[in-house]
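Computed over heavy atoms, backbone and side chain alike; hydrogens, waters and symmetry mates excluded.
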Amino acid sequence: MLRIGAWLIATTVLAAGAAEAADFTFTVPVNARNLLPEVTRVGVTCKVYRGQNTVAEADSRVTPQNGTVQQTLTVEINVPAGQDKTTVDRYTCFFYVGTAGSVAMPRSCQYDWCRAKSGTVTSDLQTGSISN
């Protein structure tokens, strides 16, 4: 039985200004409900790119409470030493759900525990350009 309700991610990217702050900070509102009990984590992974090459990535995850996650996750990415963060030109953030042994994006999942209920509108992938 498919019981995953709806989720939505909308991504805000901030280029850091302070010396101690992350190079890129993504704030991602997550609304996931009616998750099956097998789902023990919900998260967002973000990656930054230079052209087609991944420069760096990070994620943020939480444990659902009563089958629900309704909160904003923050993903902070630092570009590796020796690489120029001003040459990063795009990002991708994706939503995932996971069990004790697996993780999957709902749009491509083949198992009941991670598929969205029929008719659910989902937004589990966000991409965009970064202007430096």
Between the main-chain N or O of [Y] and the side-chain N or O of [X], is there a donor-acceptor pair closer than 3.5 Å?
| X | Y | value |
| --- | --- | --- |
| Asp89 | Gly51 | yes |
| Arg50 | Val55 | no |
| Thr54 | Ala56 | no |
| Asn78 | Asp23 | yes |

Taking all non-hydrogen atoms of both residues, which atom of [X] and which atom of [Y] are closest, and how far apart?
| X | Y | result |
| --- | --- | --- |
| Pro64 | Val42 | CG-CG2, 3.8 Å |
| Trp113 | Gly98 | CZ3-CA, 3.9 Å |
| Phe24 | Lys85 | CZ-O, 3.7 Å |
| Val30 | Leu73 | CG2-CD1, 4.0 Å |
| Ala58 | Ile77 | CB-CG1, 3.9 Å |
| Val62 | Gln71 | CG1-NE2, 3.6 Å |

Roughly how far, to the nearest 0.5 Å, is the SG atom of Cys46 from the CD atom of Glu76?
11.0 Å
Please lay out, stage by stage, how Thr40 and Thr63 fare under the test side-chain contact (heavy atoms from CB on, under 4.5 Å).
CA-CA 6 Å; Thr40 58; Thr63 301; 5.6 Å; no
Using side-chain heavy atoms (C-beta onward) and a distance below 4.5 Å, is [X] in contact with [Y]?
| X | Y | value |
| --- | --- | --- |
| Val44 | Asp59 | no |
| Leu125 | Thr92 | yes |
| Thr99 | Glu38 | yes |
| Arg61 | Tyr96 | yes |

Give the C-alpha distance, both sets of side-chain angles, the deciding distance and a yes or no for side-chain contact (heavy atoms from CB on, under 4.5 Å) between Gln52 and Arg90.
CA-CA 9 Å; Gln52 297 301 313; Arg90 66 186 182 91; 3.7 Å; yes
Walk me through whether Thr25 and Thr74 qualify under side-chain contact (heavy atoms from CB on, under 4.5 Å).
CA-CA 7 Å; Thr25 300; Thr74 300; 3.7 Å; yes
Quick check on Asp84: does its CG atom have over 12 non-hydrogen neighbours (other residues, nucleotides or ligands) under 6.0 Å away?
yes
CA sep, side-chain torsions, deciding dist, call: Thr68, Leu35, side-chain contact (heavy atoms from CB on, under 4.5 Å):
CA-CA 6 Å; Thr68 300; Leu35 299 167; over 6 Å; no
So, for Tyr91 and Tyr49, is the gap between ring centers shorter than 6.0 Å?
no
